[in-house]
Amino acid sequence: YSRAKKNEDIIVSSKKIPDREINLEIVVGHCHENLDYLDQFGSCHGIHIHIFSPCGGSIPNFSRVSHCITVHRDLDNCGRETYAYFEYIIRRYDSLPPMVAFLQGSAMTENPHV
């Protein structure tokens, strides 16, 4: 197992956003679920969304949040969404943001109050 290199900045749509400007990161464990609910985060001010999708499921063309999403497909498809959460923590261990929300890909089905 090789640990990912520490990122000083998050690259989003070829634009670098310094970590200090991001207050909340949302980590989504995704396989084939509908992710349209992520558009509710609107302008993404202070929010960055990481979608871990090892199954090759399709990612929608978000209308409102496309500029603040990073899709990670470079992980093994083992376990369930908890593996994606663990992978995120390992990759960001030295640079975790102040707040992280971990969501299932089917968050709106599992918990409609998200």
Side-chain angles (χ1 to χ4, degrees):
Y1 182 82
S2 65
R3 186 159 172 209
K5 212 167 104 170
K6 179 182 173 190
N7 268 340
E8 294 296 325
D9 296 315
I10 294 171
I11 299 173
V12 182
S13 302
S14 305
K15 178 182 175 189
K16 286 190 173 185
I17 301 174
D19 282 345
R20 66 186 169 276
E21 291 180 17
I22 296 176
N23 299 318
L24 170 66
E25 289 196 3
I26 298 169
V27 179
V28 181
H30 171 257
C31 200
H32 296 289
E33 303 88 357
N34 182 339
L35 298 177
D36 289 339
Y37 71 91
L38 293 174
D39 254 344
Q40 74 178 326
F41 294 106
S43 69
C44 292
H45 182 72
I47 295 175
H48 188 81
I49 301 168
H50 294 270
I51 300 172
F52 283 83
S53 185
C55 303
S58 65
I59 306 293
N61 292 323
F62 297 103
S63 60
R64 301 175 67 199
V65 295
S66 61
H67 60 284
C68 64
I69 288 181
T70 302
V71 177
H72 305 270
R73 294 188 186 272
D74 60 336
L75 68 154
D76 294 328
N77 183 14
C78 62
R80 296 182 61 91
E81 64 275 347
T82 51
Y83 182 74
Y85 306 157
F86 178 69
E87 183 69 22
Y88 167 84
I89 292 168
I90 293 296
R91 292 180 185 195
R92 295 294 308 272
Y93 186 77
D94 293 327
S95 61
L96 287 169
M99 290 186 291
V100 180
F102 296 95
L103 300 178
Q104 294 176 312
S106 59
M108 293 308 285
T109 305
E110 300 289 331
N111 184 2
H113 303 291
V114 170

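Of the possible donor and acceptor atoms, none in the side chain of His48 sits under 3.5 Å from a partner among the backbone N and O of Glu25. A donor-acceptor pair under 3.5 Å is absent between the side-chain atoms of Asn23 and the main chain of Gly46, judged by distance alone.
Closest of all the heavy-atom pairs between Glu87 and Phe52 is CG-CE2, 4.0 Å. Taking every heavy atom of both residues into account, Ala84 and Gly29 meet most closely at CB-CA, 4.0 Å.
Side-chain contact between Leu38 and Ile51 is present, with at least one heavy-atom pair separated by less than 4.5 Å. Between His50 and Phe102, every side-chain heavy-atom pair lies at or beyond the 4.5 Å cut-off. The shortest distance between side-chain heavy atoms of His72 and Arg91 falls below 4.5 Å. In this structure, the side chains of Arg64 and Phe62 stay at 4.5 Å or more apart for every pair of heavy atoms. In this structure, Glu33 and Val28 have side chains that are not in contact, with every pair of non-hydrogen atoms separated by 4.5 Å or more.
Atom OG of Ser66 is separated from atom CD1 of Ile59 by 13.0 Å, given to the nearest 0.5 angstrom. Summarising the geometry, atom CD1 belonging to Ile49 is positioned 4.5 Å from atom CD1 belonging to Ile26; distances are rounded to the nearest 0.5 Å. Rounding to the nearest 0.5 angstrom, the gap separating the CG atom in Leu35 from the CD1 atom in Ile69 is 8.0 Å. Taking SG of Cys55 as the start and NE2 of His30 as the end, the distance is 8.0 Å to the nearest 0.5 Å. The line from OH of Tyr88 to CG of Leu96 is 5.5 Å long, rounded to the nearest 0.5 Å.
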